[in-house]
Colleague: 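So that we are looking at the same thing, I have put the structure below in structure tokens.
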2 protein chains.
Amino acid sequence: MKQQDRATQTKESILKAAEHLFAVQGYEATSVSMICDAAGVSKGAFYHHFETKQSIFLELMQRWLKGLDEQLVLIDESTEDVKEGLLSMGEIIGQVLDVGGPQLPIFLEFWSRAIRDPDVWEATVEPFQRYRDFFAALVQRGIDEGSLRDLAPHNTARVLIALAVGMLVQGLLDTGGEDWQDITKEALEFLLHGIAAR
Amino acid sequence: MKQQDRATQTKESILKAAEHLFAVQGYEATSVSMICDAAGVSKGAFYHHFETKQSIFLELMQRWLKGLDEQLVLIDESTEDVKEGLLSMGEIIGQVLDVGGPQLPIFLEFWSRAIRDPDVWEATVEPFQRYRDFFAALVQRGIDEGSLRDLAPHNTARVLIALAVGMLVQGLLDTGGEDWQDITKEALEFLLHGIAAR
DNA sequence: TATATCATACCGACCGGTCGGTATGATTGT
DNA sequence: ACAATCATACCGACCGGTCGGTATGATATA
């Protein structure tokens, strides 16, 4: 096998092992040695491919957010009606909880780190501000086309993000087996039409 | 001074030092020795009053949630109109962010721990289910008195909690100096009356 | 004196990261 | 084609340091 292929294979197996261990044990609880053992690779190999323990997480995070990005753009393009687009955001939440569920707890771990570490902040929080802008644009579109009331788009976006984050956190901590996709969809309907009596 | 007084004073100073250090550094980053130094107390004293490092956090958490409890009950009692009661919840969020802001990041840290550690879960997550029940009851009251539409109270409560949690998280990570109390209030108004055009 | 309250000294495990060395493919000169 | 040279990929022992926790003795109160 070519040297380069072998290298990428090694790096990939390290990433895969790290992703799995981070997911089931958390970041702090996972040592570099454990990752190496799980990947069937030496510590030297690890530090050949990654500068620090943190850098491997950041790379993992980047890949992950990239996938989320693509999903959002996909929805954006396939959406003509803004209201429908917002509702389909609920499906994303459900999907995220189903598919990426196991690795979501790491987000909590790193959000708390992001508060103090600028590097972590940049990699984990800053992207979410992009999402906020995305939603703000979507809301603006809704206002323009007349399907939404004339509200401050940015604050409305914040509310949407809050819903998403709040649902994710609850979904992580509530093990009761609720269908959070449904609940999120309901929440978005509440938000659209209000919960007050007419 | 009496022996008991001296003891409680020591314990209290340990708790105070721990609370401060946890807030500014996080839980993991704070060692027991650091707490002892900050409290002007020896390690022996620490482990005389607390079984483990985790136990001191759990005690801190209990005190903290107790305060939140009282605040909620206070609002509940002083509220006749449910809609107003919900809106005043927004003020709590703002207060929580202002007053307890520094120590909120620890919540993130422990929420992620709660996923794996049953003890932590019981102390940090279970209380929030009480709050959910509280909001569910409030919603039910609103339905009964006719000010709210006839919606599943529990899911509506989940939505409210999601909003609160999501706002708190964003407030922690967004350092732009936004007035999250205002935004939360706005969010609750959105939720009450809907954001869709009439 | 007996007991609660602390101080000191210390333990063993483990952690992220380093480093000297090697094995093996790639490159170049002949 | 073949050897000499170099670069990349990897190994695993090891390091300084930190951590949570403990064992034991001193001190003071009751």
Side-chain angles (χ1 to χ4, degrees), chain A residues 1-22 24-61 106 109-110 112-113 116-117 119-120 123, chain B residues 1-22 24-61 106 109-110 112-113 116-117 119-120 123:
Chain A
M1 199 191 304
K2 280 206 172 185
Q3 204 174 85
Q4 224 179 26
D5 292 349
R6 190 171 139 80
T8 48
Q9 205 173 13
T10 299
K11 185 173 181 182
E12 221 58 34
S13 73
I14 293 176
L15 278 166
K16 200 171 168 183
E19 184 179 18
H20 177 246
L21 286 176
F22 286 166
V24 299
Q25 299 188 341
Y27 174 81
E28 296 254 24
T30 300
S31 70
V32 175
S33 304
M34 293 170 72
I35 298 176
C36 295
D37 286 350
V41 147
S42 74
K43 222 168 178 181
F46 182 97
Y47 280 99
H48 176 74
H49 288 285
F50 302 96
E51 274 198 349
T52 63
K53 184 191 175 189
Q54 184 163 291
S55 71
I56 195 182
F57 171 80
L58 295 183
E59 181 151 346
L60 238 29
M61 174 71 78
I106 327 174
E109 222 170 323
F110 268 78
S112 65
R113 278 177 160 242
R116 286 141 197 148
D117 186 327
D119 286 341
V120 178
Chain B
M1 199 191 303
K2 280 207 175 182
Q3 205 176 65
Q4 221 179 26
D5 292 348
R6 191 170 137 79
T8 48
Q9 205 173 15
T10 300
K11 185 173 180 181
E12 221 58 34
S13 74
I14 293 176
L15 278 166
K16 200 171 168 184
E19 183 179 19
H20 177 246
L21 286 176
F22 287 164
V24 299
Q25 299 187 343
Y27 174 81
E28 296 253 24
T30 301
S31 69
V32 175
S33 304
M34 294 170 72
I35 298 176
C36 294
D37 286 351
V41 146
S42 73
K43 225 170 174 182
F46 182 97
Y47 279 99
H48 176 74
H49 287 285
F50 302 96
E51 274 199 348
T52 63
K53 184 192 176 189
Q54 184 162 291
S55 71
I56 195 184
F57 170 81
L58 295 183
E59 181 149 345
L60 238 29
M61 175 71 76
I106 328 174
E109 222 169 323
F110 268 77
S112 64
R113 276 177 162 243
R116 285 141 196 149
D117 188 327
D119 286 341
V120 178

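Since the model is a prediction, treat every value here as computed from it, not as a measurement. Residue numbers begin at 1 in each chain, while the letters A, B, ... track the order of the sequences.
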Colleague: Quickly work out the F50(A) CZ to dT18(C) P distance and round it to whole Å.
Modeller: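 Going from F50(A) (CZ) to dT18(C) (P), I get 15 Å.
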
Colleague: With nearest nucleotide decided by heavy atoms, which residue, Q54(A) or T10(B), maps closer to the 5′ end of DNA chain C?
Modeller: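 Looking at DNA chain C, the more 5' nearest nucleotide goes with T10(B).
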
Colleague: To the nearest angstrom, how far is L21(A) atom CG from dG16(C) atom P?
Modeller: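 My rounded result for the distance is 12 Å.
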
Colleague: Do E59(A) and K11(A) have side chains that get closer than 4.5 Å, going by heavy atoms?
Modeller: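 They are in side-chain contact.
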
Colleague: Any chance you could measure K43(A), atom NZ, to D37(A), atom CG, to the nearest 0.5 Å?
Modeller: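 Interatomic distance, K43(A) NZ to D37(A) CG, rounded to 0.5 Å: 9.5 Å.
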
Colleague: Nearest whole angstrom, please: distance from the P of dG16(C) to the CZ of F57(A).
Modeller: 15 Å

Colleague: Quick one: I14(B) CD1 to dT5(C) P, roughly how many Å, whole number?
Modeller: 12 Å

Colleague: Just N and O in the side chain of S31(A): are any of them under 4.0 Å from OP1 or OP2 of dC15(C)?
Modeller: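 Yes, because at least one side-chain N or O of S31(A) sits under 4.0 Å from OP1 or OP2 of dC15(C).
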
Colleague: Which part of the nucleic acid, if any, lies within reach of T30(B) when heavy atoms closer than 4.0 Å are counted: base, sugar-phosphate only, or nothing?
Modeller: sugar-phosphate

Colleague: Using the C1' atoms of the five pairs at each end, what is the angle between the end axes of the helix from dT1(C)-dA30(D) to dT30(C)-dA1(D), to 10°?
Modeller: 0°

Colleague: With a distance cut-off below 6.0 Å to the six-membered ring centre and an angular limit of 45° from the axis, does K53(A) pair with F46(A) as a cation-pi contact?
Modeller: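 No, K53(A) does not sit over the ring of F46(A).
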
Colleague: Look up atom CZ in F22(A) and atom CG in L15(A), then write down how far apart they are to the nearest 0.5 Å.
Modeller: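 The CZ atom of F22(A) sits 9.5 Å away from the CG atom of L15(A).
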
Colleague: Of all heavy-atom pairs between S13(B) and A39(B), which one has the smallest distance, and what is that distance?
Modeller: O-CB, 3.7 Å

Colleague: How many angstroms lie between OG1 in T52(B) and CZ in F57(B), if you round to the nearest 0.5 Å?
Modeller: 12.0 Å

Colleague: Given atom CD of E28(B) and atom C1' of dG16(C), what is their separation to the nearest angstrom?
Modeller: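 From E28(B) CD to dG16(C) C1': 14 Å.
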
Colleague: Kindly compute the distance separating CZ (F50(B)) from CD1 (I56(B)), expressed to the nearest 0.5 Å.
Modeller: 4.0 Å

Colleague: Between atom NE2 in H48(B) and atom C1' in dT24(D), what is the gap in whole Å?
Modeller: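 Rounded to whole Å, this separation is 15 Å.
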
Colleague: Show me the donor-acceptor pairs within less than 3.5 Å that the side chains of residues 25-36 of chain B make with the rest of the protein, sequence neighbours left out.
Modeller:
residue: Q25(B); atom: OE1; partner: T30(B); partner atom: OG1; Å: 3.3
residue: Y27(B); atom: OH; partner: Q54(B); partner atom: N; Å: 3.3
residue: E28(B); atom: OE2; partner: R113(B); partner atom: NH2; Å: 3.3
residue: T30(B); atom: OG1; partner: L21(B); partner atom: O; Å: 3.4
residue: T30(B); atom: OG1; partner: G26(B); partner atom: O; Å: 2.7
residue: S31(B); atom: OG; partner: M34(B); partner atom: N; Å: 3.2

Colleague: Quick test: give all pairs of protein nitrogen or oxygen and nucleotides 7-11 of chain C nitrogen or oxygen below 3.5 Å, distance rounded to 0.1 Å.
Modeller:
residue: dA7(C); atom: OP2; partner: S42(B); partner atom: N; Å: 2.6
residue: dA7(C); atom: OP2; partner: S42(B); partner atom: OG; Å: 2.5
residue: dA7(C); atom: O5'; partner: S42(B); partner atom: OG; Å: 3.3

Colleague: To the nearest Å, give me how far apart CG (D37(B)) and P (dC19(D)) are.
Modeller: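 Atom-to-atom, D37(B) to dC19(D), this comes out as 11 Å.
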
Colleague: Report the distance from atom OH of Y47(B) to atom P of dA23(D), rounded to the nearest whole Å.
Modeller: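 From Y47(B) OH to dA23(D) P: 13 Å.
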
